[in-house]
Amino acid sequence: MKKIAVFTSHVYEQMSGLMQKGLLDAAKRYGVKLIFFASFGDSYSSKNYGEFSKYDEGDCVSFDIPDLNDFDGVIKISTYFSEIIKQHLKKILTYHDIPVINIGSLEDDHISISCDEAKTYAKTVRHVIEEHGCRDIFHVAGDKIHNFTFDRIAAYRKELEDHGIPFDESKIFYSNLWYDCGDSALDFILETCKKNGKKLPDAVCCANDYSAIGLINACKARGISVPEDLIITGFDAVVESTSGFPTLTTATQPFYRYGYMAIETMLRIIGGEEIKDNIFVEGDLICNQSCRCKPKSVDGIDDYRVIYTKRLDYATGIAQSTTNLMLTVSDAGTLEDCFRAISDNAKTDTGFKEMLLCLAPGWDKQRIVGEDFRTTDEEMTVVSGYRGDVDVPVQTFRKKNILPQDMLEDPNPYYIFALHHLQYYMGYLIVVPEIGFREQKAIQSWFVDLGVILETRRIQRDLELSVARLKFLYNRDTLTDLYNRRGLEDFFKEYLDECIRNRSGLAVITIDMDDLKYINDNFGHNEGDYGLKTIAYGLARAVNGNEVCARAGGDEFTVLAKNCTEEKAGEFISKVRSIIEQKVMLDGKQFNVSISCGAYIEYPDESLKEDAHSIFEKCLKEADKTMYKEKKLHKVGRGRNGSLTGLKDSVM
């Protein structure tokens, strides 16, 4: 089974959709595996995501995902690619010795299957001249970056000259060929006519339907009647050309045939046939109301109502799906819940018959892929998804395969959409979409929101980690990793309440390091720090789950112990001293690390009227009294390790 990569943009637009339908039907007939790599990069409207170059950079990654060495050929649907993506594709395809067929427009680098512009577009110009007697004819052209712009200008010029009408460059208006060019095109036409002493031309032949519809709308807004005052024609025969008023006279491009012929031509090339010349297919003229061929009294309003009702329903559905996506994911507790919510949401109103959410390594690290990404293999993880009515389990596969093994081996086509937030690559979605009656911008918004959701989750996680880290630093002593005084006090109310419920003792133990200044002065501050960290080590090793240890500051430590007795407090202090002594001996230090300790046991009950802070301060003060008594004795016997008094004297 031959495997062909299809590079496309604007999957849901009518012209692209018809070409995809031709590809799919031919692939099914000839047993070809198609994998579509799709972007949303737009070269037409000035009011879309394509304005954001960082978004286009991320969208480009769709075409970096496949290693084209694993494919038998590439077919490009070249109708909507933004300039950034065009240049990116040119660079990609330069690296590979693989058959490439371009459909929908002409390209110098590859064989193209395209409309016979001269013959097809000329039909609209010839029609207004021969059937309606027009002589003063303007032309709304595309941007100068498009090859078809000059092909259609050449056809327009030839028809004028063949009918004895002089060609006038000043009657050409260059535009983005989208609805929003209508007002600026009309301004240009009116200003040029005024200079020539006329109110309006006889006709305007537009290079596509969208610009023609935009011009008709601009005329309506200014009281200019089409076709009574001005004939307007388009080109492409998109569904909108017959769903407005007046309906648009246009010429159809055989988009479906482009796709079908592309598969047949590719198989001939793969089979060894040498094909060098472009293939041109002629379209047909479609006469409607905007040139007076059909009266305005004739309409198919019921048919248009059905079409627009469907489109409105689908647009409303995807808008609701996008809203539901945001709400359900916001309510998801864990990342796994988030992934499940995305999958469940995709089942409704998106038109995705199958969907797998595949995340790449480092998806949450704001990853930007390099040029070696195309040939880099890595493990992809399907974190959620469904195929029909069956949920897909979490699984992994190799990026080199593009698809999980069972999908790779079946004959079905799949669509790959890069998942990204602006320029940051996260992975991709494997989708089986319904192509018809979906609003391109609504679907694009769904994908954009999905990228934003995952980026927001990443930011939320990083913020939670930062907050946890700040809280840790706020409540911790950086030298010993024990709690500081703030951290200790956070536990006191909890421990106090538990001891009241259990009718047990709450101990506060204070510990001072002996002779810290002596060690600093004679052995250096690093050794002084060693002594403090060794005490912390002893405390941490001595706890059994009922104690919280803290460095209160300087050479002072405090331990809070719940469910405690005088005996347990004494055992804890003894254990700490033993651990310290053993560590100092094992480390071969030339000095002893000794501590002075004091403890106070409070037996709280529900009759206590003091607040927790006051009780804590009282316990601390009483423990300090005992500790300072022991410290005085240590000073008398300086140089000895450990207490010079019995443990009984350390506990009150």
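Numbering of residues begins at 1 and proceeds along the displayed sequence. All of these numbers come straight from a predicted model, not from anything done at the bench. Heavy-atom basis, side chains included; hydrogens, waters and symmetry copies ignored.
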Is there a donor-acceptor pair under 3.5 Å between the side chain of [X] and the backbone N or O of [Y]?
X      : Y      : value
Arg457 : Asp364 : no
Thr8   : Val11  : no
Tyr428 : Ile402 : yes
Ser578 : Ser574 : no
Asn502 : Ser504 : no
Tyr386 : Ala346 : yes

Under a 4.5 Å cut-off applied to non-hydrogen side-chain atoms, are [X] and [Y] in contact?
X      : Y      : answer
Phe591 : Tyr518 : no
Cys619 : Leu506 : no
Leu429 : Phe447 : yes
Arg387 : Asp406 : yes
Asp59  : Phe417 : no
Leu454 : Leu359 : yes
Lys33  : Tyr414 : yes
Tyr424 : Ile368 : yes

Spatial distance of atom [atom1] ([X]) from atom [atom2] ([Y]) [nearest 0.5 Å]:
X      : Y      : atom1 : atom2 : answer
Met380 : Ile430 : CE    : CD1   : 8.0 Å
Asp512 : Ser594 : CG    : OG    : 10.5 Å
Ile98  : Ile92  : CD1   : CD1   : 12.0 Å
Lys400 : Asp67  : NZ    : CG    : 4.5 Å
Leu68  : Asp97  : CG    : CG    : 12.0 Å
Met513 : Ile519 : CE    : CD1   : 3.5 Å

Minimum heavy-atom distance [X]-[Y], with the two atoms named:
X      : Y      : value
Ala38  : Ser62  : O-OG, 2.8 Å
Cys338 : Ile453 : SG-CG2, 4.3 Å
Ile342 : Met355 : O-CE, 4.3 Å
Gly362 : Arg367 : O-CB, 3.7 Å
Ser39  : Ile85  : OG-CD1, 3.5 Å
Ala569 : Ile601 : CB-CD1, 4.2 Å

Under the salt bridge (charged side-chain N to carboxylate O under 4.0 Å, His left out) test, which residues partner [X], sequence neighbours left out?
X      : answer
Asp389 : none
Asp72  : none
Glu527 : Lys589

TODO: Mind telling me whether Tyr495 and Phe491 have parallel, tilted or perpendicular rings, with 30° and 60° as the class edges?
DONE: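 Phe491 vs Tyr495 ring planes: perpendicular.
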Please determine, by modelled atom types, if [X] and [Y] share a side-chain donor-acceptor pair under 3.5 angstrom.
X      : Y      : result
Glu622 : Thr626 : no
Thr334 : Asp337 : yes
Asp64  : His88  : yes

- [ ] Under the ring-ring contact (aromatic ring centres under 6.0 Å, His included) rule, collect the residues that match up with Phe63, sequence neighbours excluded.
- [x]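 By the ring-ring contact (aromatic ring centres under 6.0 Å, His included) rule, Phe63 matches Phe7, Phe81.
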Task: Stepwise side-chain contact (heavy atoms from CB on, under 4.5 Å) check, Phe40 with Ile443 - done: CA-CA 10 Å; Phe40 290 98; Ile443 291 288; 4.0 Å; yes
Task: Neighbour count above 12 (heavy atom, 6.0 Å) for Asp605 CG - done: yes
TODO: Starting from the C-alpha separation in whole Å, work towards a yes-or-no answer on side-chain contact (heavy atoms from CB on, under 4.5 Å) for Tyr537 and Ile579.
DONE: CA-CA 8 Å; Tyr537 173 82; Ile579 293 169; 3.7 Å; yes
Task: Tyr55-His420 aromatic ring centre distance below 6.0 Å - done: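 Between Tyr55 and His420, the centre distance is under 6.0 Å.
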Electrostatic pair [X]:[Y] at N-O distance under 4.0 angstrom:
X      : Y      : value
Arg485 : Glu617 : yes
Arg577 : Glu581 : no
Arg398 : Asp70  : no
Lys399 : Glu378 : no
Lys631 : Asp514 : yes
Arg340 : Asp344 : no
Lys493 : Asp497 : yes

TODO: Could I get the full list of side-chain contact (heavy atoms from CB on, under 4.5 Å) partners for Thr534, not counting sequence neighbours?
DONE: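 Thr534 satisfies side-chain contact (heavy atoms from CB on, under 4.5 Å) with Tyr530, Ile580, Lys583, Val584 only.
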Task: Derivation and outcome, side chain to side chain donor-acceptor pair (under 3.5 Å), residues Thr456 and Gln460 - done: CA-CA 6 Å; Thr456 301; Gln460 180 183 353; over 6 Å; no
Open item on the list: Run Ile35 and Lys3 through side-chain contact (heavy atoms from CB on, under 4.5 Å) and show every step you take.
Closed with: CA-CA 8 Å; Ile35 302 179; Lys3 186 170 65 173; 4.2 Å; yes
TODO: Sort out for me which residue in Thr396, Ile416, Val382 forms a side-chain contact (heavy atoms from CB on, under 4.5 Å) with Cys358.
DONE: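 Single side-chain contact (heavy atoms from CB on, under 4.5 Å) partner of Cys358 among Thr396, Ile416, Val382: Val382.
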- [ ] Run the numbers on Ile595 and Ile535 for side-chain contact (heavy atoms from CB on, under 4.5 Å), then give the verdict.
- [x] CA-CA 8 Å; Ile595 54 176; Ile535 294 170; 3.6 Å; yes
Task: With sequence neighbours excluded, residues passing side chain to side chain donor-acceptor pair (under 3.5 Å) with Arg458 - done: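 Arg458 satisfies side chain to side chain donor-acceptor pair (under 3.5 Å) with Glu455, Asp462 once adjacent residues are dropped.
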Open item on the list: For the residue pair Arg476 and Tyr483, would you count it as a cation-pi contact if the rule is NZ or CZ under 6.0 angstrom from the ring centre and within 45 degrees of the ring axis?
Closed with: yes
